[in-house]
Amino acid sequence: MIFQELNRGKCKTYLVGCEETRKAILIDPDLLHTDRYIAMLGYRGLTLDATVDTHTHADHSMAAFPLHDLTGSRIIMSTYASAPAITDYVHDGDTVEVGKLRFKVLHTPGHTPDSISLYGEGRVFTGDVLLIRGTGRADFQGGDAGAQYDAITRKLFVLPDATLVYPAHDYRGNTVSTIGEEKKHNPRIAGKTREEYIALMNSIQFPLPDKIQEVLMPNQTAIEDDRTKFPELAELSKVQQLSAADVRKLMRNPEIVLLDVREMHEYIGDLGHIGGSLLIPLRELTMRASELDPYRNKHIVCICRAGVRSTTAAAILTGLGFEHVSNLHEGMLSWRDHGFPVVG
Ligand SMILES: [Fe+2]
């Protein structure tokens with residue numbers, strides 16, 4: 001197996017390649033180093049089969065989208081990821097093939113709902129869920145300390161002790177650990193009960209990453225243009241979140257307006273859409289907001305795949321003076337899980 005960490009910094013990007021087939025993947029590639037990755041792949045004579053992002057990152061811009069444009073590489077992310085441009089959504093238990101190598105997808109939420117780890121070849125790539133002698137923050141982006149405790153203790157700490165641990169970040173100069181070491185020495189979680197872990201995580205004041213919205217929003221939406229002015233975090237947190245069941249009940253009221261902000265291929269894709277919903281993709285929303293003028297005084301419910309882009313849409317519309325805008329929490333994924341009807 002070909003294996004190398006390519007960034008040599010606090011943010012880690014791993015190159016994993018199959019010696020026989022010369023196929024490779026990049027795990028968590030950073031936009032800043034796109035040229036380096038292309039050069040390294042060429043130097044080693046590897047074809048980039050796919051990029052895998054362990055989650056939607058808040059601290060660096062993802063290179064997955066430009067690498068896909070340049071090389072045609074597949075974009076692999078969790079089915080709970082929010083961006084529309086992903087080519088291969090994966091679920092817990094799925095396999096990611098790299099030539100003849102096999103990695104199992106473990107859904108390990110907690111840092112974010114869309115966090116996955118990849119396990120295979122004696123290694124586990126843990127993203128930001130489990131770090132070396134630490135764990136990723138669980139205080140925003142849909143983080144959940146309890147879910148994180150469960151993911152680490154039930155999905156990661158059950159792997160063989162000798163499994164090498166490669167996280168997406170390290171701030172202290174570490175490069176690798178093992179499951180056995182983290183089980184014993186990780187000060188955040190070793191020997192702690194679920195309650196103790198949640199209390200500890202709630203007690204830590206994490207600073208927000210620099211330029212968070214400028215980084216996070218394009219990663220969540222795959223929008224890279226200047227026409228969309230993304231809302232501030234505080235505006236996003238004010239958006240009223242409605243469950244799928246709430247929205248279904250509200251639909252008995254003819255005054256309600258359902259606004260789907262996904263791309264057309266998603267609207268008519270696997271998850272379908274809710275009958276009667278209007279479609280204005282998020283990337284066009286600012287320009288086309290006047291189409292919604294007749295509904296200014298009505299209750300508008302924004303909808304997308306995972307509920308992230310639509311929260312942004314709801315905040316944008318509120319900022320444009322629409323009076324009553326809310327969001328379908330966890331989007332069409334939740335709608336489908338409830339078994340509510342869709343149109344193909
Ligand atoms: Fe992260």
Side-chain angles (χ1 to χ4, degrees), residues 5-7 9-14 25-33 51-65 75-83 85-86 89-90 105-119 124-152 155-156 165-172 174-175 177 182 186 188-189 197 200-202 204-222 230 233 236-237 306-309 311-312:
E5 195 287 309
L6 296 179
N7 298 348
K10 291 171 182 168
C11 250
K12 308 290 182 189
T13 296
Y14 301 102
I25 60 169
L26 287 168
I27 301 174
D28 293 325
D30 181 341
L31 183 69
L32 209 61
H33 302 303
T51 56
V52 181
D53 276 285
T54 54
H55 62 289
T56 303
H57 301 278
D59 63 334
H60 70 264
S61 297
M62 287 156 51
F65 311 126
I75 302 174
I76 299 176
M77 282 188 80
S78 159
T79 186
Y80 299 107
S82 56
I86 295 156
Y89 289 107
V90 288
V105 175
L106 307 173
H107 181 220
T108 46
H111 173 61
T112 64
D114 68 348
S115 291
I116 55 170
S117 299
L118 285 187
Y119 171 61
V124 63
F125 300 94
T126 56
D128 286 357
V129 175
L130 176 65
L131 307 177
I132 298 174
R133 304 297 192 268
T135 58
R137 62 193 297 163
D139 60 328
F140 77 123
Q141 261 192 288
D144 179 333
Q148 191 176 31
Y149 182 89
D150 296 340
I152 294 172
K155 297 260 180 76
L156 299 176
V165 172
Y166 290 100
H169 287 103
D170 189 86
Y171 304 97
R172 305 182 194 99
N174 301 305
T175 53
S177 181
E182 293 309 313
N186 191 309
R188 284 263 176 90
I189 199 163
Y197 181 73
L200 172 66
M201 292 304 276
N202 287 342
I204 305 174
Q205 292 283 328
F206 295 97
L208 283 180
D210 290 344
K211 297 185 181 167
I212 170 156
Q213 288 306 81
E214 285 154 59
V215 170
L216 187 54
M217 289 278 123
N219 286 349
Q220 288 175 340
T221 60
F230 290 118
L233 218 49
L236 293 174
S237 61
V308 175
R309 275 176 283 161
T311 299
T312 299

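Ligands are counted one by one from 1 in listed order, and the atoms in each one are counted from 1 as well.
Partners of F140 according to the ring pair (Phe, Tyr, Trp, His ring centres under 6.0 Å) rule, which considers only residues two or more places apart in sequence or in another chain, do not exist here. For T135, the side-chain hydrogen bond (donor to acceptor under 3.5 Å, both in side chains) partners two or more places apart in sequence, or in a different chain, are R188, Y197. D139 meets the salt bridge (charged side-chain N to carboxylate O under 4.0 Å, His left out) test with R137; sequence neighbours excluded.
T56 and D114 form a side-chain donor-acceptor contact under 3.5 Å, judged by distance and modelled atom types alone.
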Audit row: D170, T175, side-chain contact (heavy atoms from CB on, under 4.5 Å) steps and yes/no: CA-CA 7 Å; D170 189 86; T175 53; over 6 Å; no

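Few gaps surround OH on Y166; more than 12 heavy atoms of other groups in view lie less than 6.0 Å from it.
Excluding waters, the count of protein N/O/S atoms less than 2.8 Å from the Fe ion (ligand 1) comes to 3.
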